[in-house]
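The structure appears right after this line, and notes come after that.
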Amino acid sequence: MPKKWSLSITAPWQLCLFLWWRLPAAAFMGVRLKHLNDTSCTVALPLSWRSQNPFRSLYFAAQCAAAALSTGLPAWQAVRRQTEPISMLVTHVEASFLKKADRTLHFTCREVQDIEQAVQRAAAGAEAQVVRILSVGTLPDGTEAAHVWITWSFKRKTKPFR
């Protein structure tokens, strides 16, 4: 029987607790979950003194963190559903910044099914499963401002010898 999703992070206060517990930098920057379902995940990164650079735009590291969260929440959810223990690790990040991000950005991952399939393959075998996922950052008017590719590796944990 799969593990229960013990923390419903779709409630704002529960996500806030989760972020402060597991990702305090993202919590500090004010990253918020907009939606998470079986096909996509969107998080918002507001422009504030906690997330901006000296040029009054969103700091590139803050953008990468928000993009990673938009891919990481579905990955974490998929791992938690498995009966086998699965490790997850970001192995590569690549980004293109297309426009100055001087307002709130919404990072959307539309490849949740690819993540789910990679986690299922990892649970079924001994080999690590690697998947490269795109998160697109858009401004409130719909203009694409950033493309961030996060490469995740999922591997079934081996049981220690006794």
Side-chain angles (χ1 to χ4, degrees), residues 5-81 86-119 122 128-155:
W5 175 264
S6 62
L7 180 65
S8 175
I9 58 172
T10 54
W13 68 272
Q14 290 176 324
L15 177 67
C16 185
L17 287 176
F18 173 79
L19 289 178
W20 281 110
W21 176 47
R22 294 288 188 164
L23 299 165
F28 178 77
M29 289 183 285
V31 176
R32 295 289 177 252
L33 177 65
K34 288 301 180 182
H35 89 267
L36 172 60
N37 60 30
D38 292 340
T39 59
S40 66
C41 178
T42 300
V43 300
L45 174 64
L47 177 66
S48 73
W49 66 271
R50 298 174 293 177
S51 61
Q52 73 180 6
N53 61 29
F55 311 108
R56 295 188 180 148
S57 62
L58 286 167
Y59 184 49
F60 79 93
Q63 292 183 53
C64 288
L69 187 63
S70 75
T71 64
L73 287 174
W76 186 71
Q77 184 176 16
V79 165
R80 300 271 300 174
R81 286 189 192 124
I86 306 290
S87 64
M88 54 188 273
L89 178 69
V90 172
T91 60
H92 188 77
V93 177
E94 183 182 343
S96 294
F97 303 101
L98 311 170
K99 185 163 176 61
K100 184 176 182 176
D102 56 2
R103 290 168 280 161
T104 296
L105 276 185
H106 290 87
F107 282 91
T108 301
C109 165
R110 298 191 191 284
E111 301 169 17
V112 172
Q113 291 300 319
D114 294 344
I115 294 168
E116 184 73 38
Q117 291 168 3
V119 170
Q129 298 296 313
V130 177
V131 62
R132 185 174 184 244
I133 303 297
L134 173 64
S135 182
V136 178
T138 56
L139 294 166
D141 64 3
T143 304
E144 290 184 1
H147 290 174
V148 182
W149 291 268
I150 308 291
T151 303
W152 284 96
S153 175
F154 303 100
K155 187 174 182 182

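With sequence neighbours left out, E94 forms a side-chain hydrogen bond (donor to acceptor under 3.5 Å, both in side chains) with R132. Taking S48 as the reference, nothing meets the side-chain hydrogen bond (donor to acceptor under 3.5 Å, both in side chains) condition, with sequence neighbours excluded. E116 pairs by the salt bridge (Lys or Arg N to Asp or Glu O under 4.0 Å) definition with R81, not counting sequence neighbours.
Between atom CD of residue Q52 and atom CG of residue D102 there is a gap of 10.5 Å, rounded to the nearest 0.5 Å. Atoms OG1 and CG, on T143 and D141 in that order, are 3.5 Å from each other to the nearest 0.5 Å. To the nearest 0.5 Å, atoms CG (L73) and CZ (F18) are separated by 6.0 Å. With rounding to the nearest 0.5 angstrom, the CD1 atom of I133 is 12.0 Å from the SG atom of C41.
Note on residues 23-57: pairs passing ring pair (Phe, Tyr, Trp, His ring centres under 6.0 Å), not counting sequence neighbours, are F28-W49. Among residue pairs with one or both ends in residues 12-36, none qualify as salt bridge (charged side-chain N to carboxylate O under 4.0 Å, His left out); sequence neighbours excluded.
For the residue pair S70 and S135, a side-chain donor N or O sits within less than 3.5 Å of a side-chain acceptor on the partner.
T42 and H106 make their closest contact through CG2-CB, 4.0 Å (heavy atoms, listed as atom of the first residue, atom of the second, distance). Looking at every heavy atom in both residues, E144 comes nearest to L98 through O-CB, 3.9 Å.
For S51 (side chain) and P46 (main-chain N/O), a donor-acceptor pair under 3.5 Å exists by modelled atom type.
Between W152 and F154, the ring planes are parallel. Angles under 30° get that label, and only those over 60° would be called perpendicular.
Each of T151, D114, V119, I150 was evaluated against V131; a single residue qualifies, D114, per the side-chain contact (heavy atoms from CB on, under 4.5 Å) test.
Residue D38 places its CG atom among 12 or fewer non-hydrogen atoms of other residues, nucleotides or ligands, all under 6.0 Å distant.
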Anything under 3.5 Å between a donor and an acceptor, one on a side chain of residues 56-69, the other on a protein residue two or more places apart or in another chain? List them.
{"unit_1": "S57", "atom_1": "OG", "unit_2": "N53", "atom_2": "OD1", "d": "3.3"}
{"unit_1": "S57", "atom_1": "OG", "unit_2": "N53", "atom_2": "ND2", "d": "3.0"}
{"unit_1": "Q63", "atom_1": "NE2", "unit_2": "L58", "atom_2": "O", "d": "3.0"}

